[in-house]
Asks: 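Handing you a structure now.
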There are 2 protein chains.
Amino acid sequence: MAMPKVRETYHHGDLESALLDAATKMVGADGAEHLSLRAVAAEVGVSPSAAYHYYQEKDSLISCVGARLFEELADFQEQALLKVPGKGARAARARFRALGRAYFEWASMEPNFFRLIFGCYCSADEVEVEVLRDNSRAWRLLQTCLEDLYRTGGLIPALRPYAEILTWSAVHGATALIIEGHLPKDSFESLLDGLERSLGIGIK
Amino acid sequence: MAMPKVRETYHHGDLESALLDAATKMVGADGAEHLSLRAVAAEVGVSPSAAYHYYQEKDSLISCVGARLFEELADFQEQALLKVPGKGARAARARFRALGRAYFEWASMEPNFFRLIFGCYCSADEVEVEVLRDNSRAWRLLQTCLEDLYRTGGLIPALRPYAEILTWSAVHGATALIIEGHLPKDSFESLLDGLERSLGIGIK
DNA sequence: GAATAATCTCTACATTGTTCAGATATGGAG
DNA sequence: CTCCATATCTGAACAATGTAGAGATTATTC
């Protein structure tokens, strides 16, 4: 564990994001369920109460970490997509795989991040479900990817209406099950194979 | 909150399972992350330390709750299967849907149960993954269901090798996403439709 | 440079998981 | 029936936690 920082100025300068950074790091290392507000404050070199000027309670801080991680996941998927340019069916298929792999790889790198954003700390209210989904960047990435596949003929037309929910559910489910040890790691590639074949993706 | 019990005998009689029962109830109501050992002991009418004769630590108790819930989920799915007898393709297809629905319904009834058994408290070691999966009752239910479908011709043969992982991943993923509010509730039926169509289940 | 606001510290409190010495009851041997 | 070993439970204690509030310290604005 890193030595708690000692600062010279009374005012920290950017305590809010310093707390967020420290909390993010510690969530990755130990899981959100073991995060201690006091430990975060100590790591930043500040008294426990100081945190309450920026976060109403410990759970608010955790939620903010979650919000940031949602963006990071989307970033990671976007980066993966950028490595697969092109407009044809072949490229569309490669993007589909890249998208799924990125999801799984991101989760595998820091399982505690994945657990946080899809666990109880970050669950959405019933009201905002529809809004949330349509505005989520990751969801839109998948949508355009499937639309590309559809246009280039790399997706069975009759399955188009189900492609999004099927893909997202399967990729998310496999990732979650593998991370918690209910499926072996190598089953993710099998899942992708199965998804492609069952959706008729990339049939030559 | 129920009044803490007061018992007359010094020895409780069946403290181990009483603690398990109380813990299970409280996990359902408040989530495993908010479970308090002291509260469980108080509910049973016993001092906090008494629990340590049966569970090494708080997390052991939680894990035991999880183990019981795994069985309950399998029971629930078995019950759902019993309502759909028959040997033909039609029955096999109905069982397939019943299995998926049971999974989702069980999780919807008590989301905190689902969160517990598929969260960090119940994750399996890497070593026991293979053993665990093959010995899991729920997994075998799905296996025989898909085998029935395959034999009766209600499943595209080329997809047979992928059917299990695809189905489990998709059903689990959709359930998890819906429970945490990332997908609307009614999308589960769409998912089942999509799964059936993409696997070629029940094509007349 | 003085008043006001923002930022941070200190102390305090209730609650938690956990430990351990000791109290209490139970079951079996004589 | 009695006594003793053993299983079972209690009580007090400890360190750590989240959080509240009063006060100290620095920044900002006029």
Side-chain angles (χ1 to χ4, degrees), chain A residues 1-27 29-66 112 116 119-121, chain B residues 1-27 29-66 112 116 119-121:
Chain A
M1 185 57 70
M3 255 270 291
K5 269 144 203 164
V6 181
R7 64 185 205 284
E8 61 289 353
T9 60
Y10 186 87
H11 280 23
H12 180 283
D14 198 7
L15 184 54
E16 180 166 7
S17 64
L19 289 169
L20 199 66
D21 288 349
T24 305
K25 200 176 298 182
M26 295 170 95
V27 163
D30 254 30
E33 68 277 11
H34 295 128
L35 187 78
S36 150
L37 224 216
R38 293 177 105 106
V40 174
E43 171 74 24
V44 175
V46 114
S47 92
S49 345
Y52 287 86
H53 278 258
Y54 303 97
Y55 304 96
Q56 289 188 346
E57 47 190 358
K58 183 190 163 188
D59 284 6
S60 313
L61 174 56
I62 297 186
S63 298
C64 288
V65 172
N112 286 324
L116 170 55
C120 55
Y121 288 106
Chain B
M1 184 58 69
M3 254 272 289
K5 270 144 203 161
V6 181
R7 65 187 204 285
E8 60 290 351
T9 59
Y10 186 86
H11 281 24
H12 180 282
D14 198 6
L15 185 53
E16 180 165 7
S17 64
L19 289 169
L20 199 67
D21 288 350
T24 304
K25 199 176 298 181
M26 294 169 95
V27 162
D30 254 29
E33 69 276 12
H34 295 129
L35 187 78
S36 150
L37 225 215
R38 294 177 105 106
V40 174
E43 170 74 24
V44 175
V46 114
S47 92
S49 347
Y52 287 85
H53 278 259
Y54 303 98
Y55 304 95
Q56 289 189 344
E57 47 189 359
K58 184 190 163 187
D59 284 5
S60 313
L61 174 58
I62 297 186
S63 298
C64 288
V65 173
N112 286 323
L116 170 54
C120 55
Y121 288 106

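Protein chains get the first letters and strands the later ones, always in sequence-line order, with residue 1 at the start of each.
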Asks: What's the closest nucleotide to the side chain of B/Val46 if the choices are D/dT8, C/dT7, D/dT10?
Replies: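 Shortest atom-to-atom distance from the side chain points to D/dT10.
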Asks: If the sugar-phosphate is the primed atoms plus P, OP1 and OP2 and the base is the rest, what is the B/S/- string for nucleotides 12-18 of chain C, using protein heavy atoms under 4.0 Å?
Replies: B---BBB
Asks: Between A/Ser47 and B/His53, name the one whose nearest nucleotide on DNA chain C is closer to the 5' end.
Replies: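 Taking each residue's closest nucleotide, the earlier one in sequence belongs to A/Ser47.
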Asks: Can you see which heavy atom on B/Ile62 is nearest to which on B/Ala32, and at what distance?
Replies: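 Nearest heavy atoms, B/Ile62 then B/Ala32: CD1-O, 4.0 Å.
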Asks: Please give me the minimum heavy-atom distance between B/Ala41 and B/Pro48, naming the atom from each residue.
Replies: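 Closest pair (atom of B/Ala41, atom of B/Pro48, distance): CB-CA, 3.8 Å.
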Asks: Which heavy-atom pair separates A/Leu15 from A/Ala50 by the least distance, and what is that distance?
Replies: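 In this case the closest contact between A/Leu15 and A/Ala50 is CD2-CB, 4.0 Å.
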Asks: With axes from five pairs an end, tell me the bend angle of the helix from C/dG1-D/dC30 to C/dG30-D/dC1, nearest 10°.
Replies: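 Inter-axis angle at the ends, rounded: 0°.
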Asks: State which residue, out of B/Thr24, B/Leu20, B/Val27, fulfils the side-chain contact (heavy atoms from CB on, under 4.5 Å) condition with B/Leu61.
Replies: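 Output: one option passes, namely B/Leu20.
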Asks: Just the rounded figure in Å: distance from P of D/dT26 to CG of A/Leu15.
Replies: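 Distance, rounded to whole Å: 16 Å.
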Asks: Rounded off to whole Å, could you give me the CG-to-C1' distance for the A/Asp14 and D/dA27 pair?
Replies: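 The answer, rounded to whole Å, is 16 Å.
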Asks: Quick one: are A/Val40 and A/Leu35 in side-chain contact, heavy atoms under 4.5 Å?
Replies: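 Yes, their side chains come closer than 4.5 Å.
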Asks: Under 4.0 angstrom, heavy atoms only, what part of the nucleic acid is B/Tyr54 near: base, sugar-phosphate, or nothing?
Replies: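 Sugar-phosphate, backbone atoms only, no base.
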Asks: What is the minimum heavy-atom distance between B/Ser63 and B/Tyr121, and which atoms define it?
Replies: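 Scanning both residues, the minimum pair turns out to be OG-O, 3.7 Å.
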Asks: Can you check the A/Tyr55 OH to C/dC8 P distance for me, whole Å?
Replies: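 Distance, rounded to whole Å: 12 Å.
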Asks: So, using side chain to side chain contact (heavy atoms under 4.5 Å, CB included) as the criterion, who are the partners of A/Ser17 when residues are at least two apart?
Replies: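 Side chain to side chain contact (heavy atoms under 4.5 Å, CB included) list for A/Ser17, sorted by chain: A/Asp14.
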Asks: Identify the heavy atoms of A/Val44 and A/Ala18 that sit nearest to each other, and give their distance.
Replies: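 Smallest interatomic distance, heavy atoms only, reads CG2-O, 3.7 Å.
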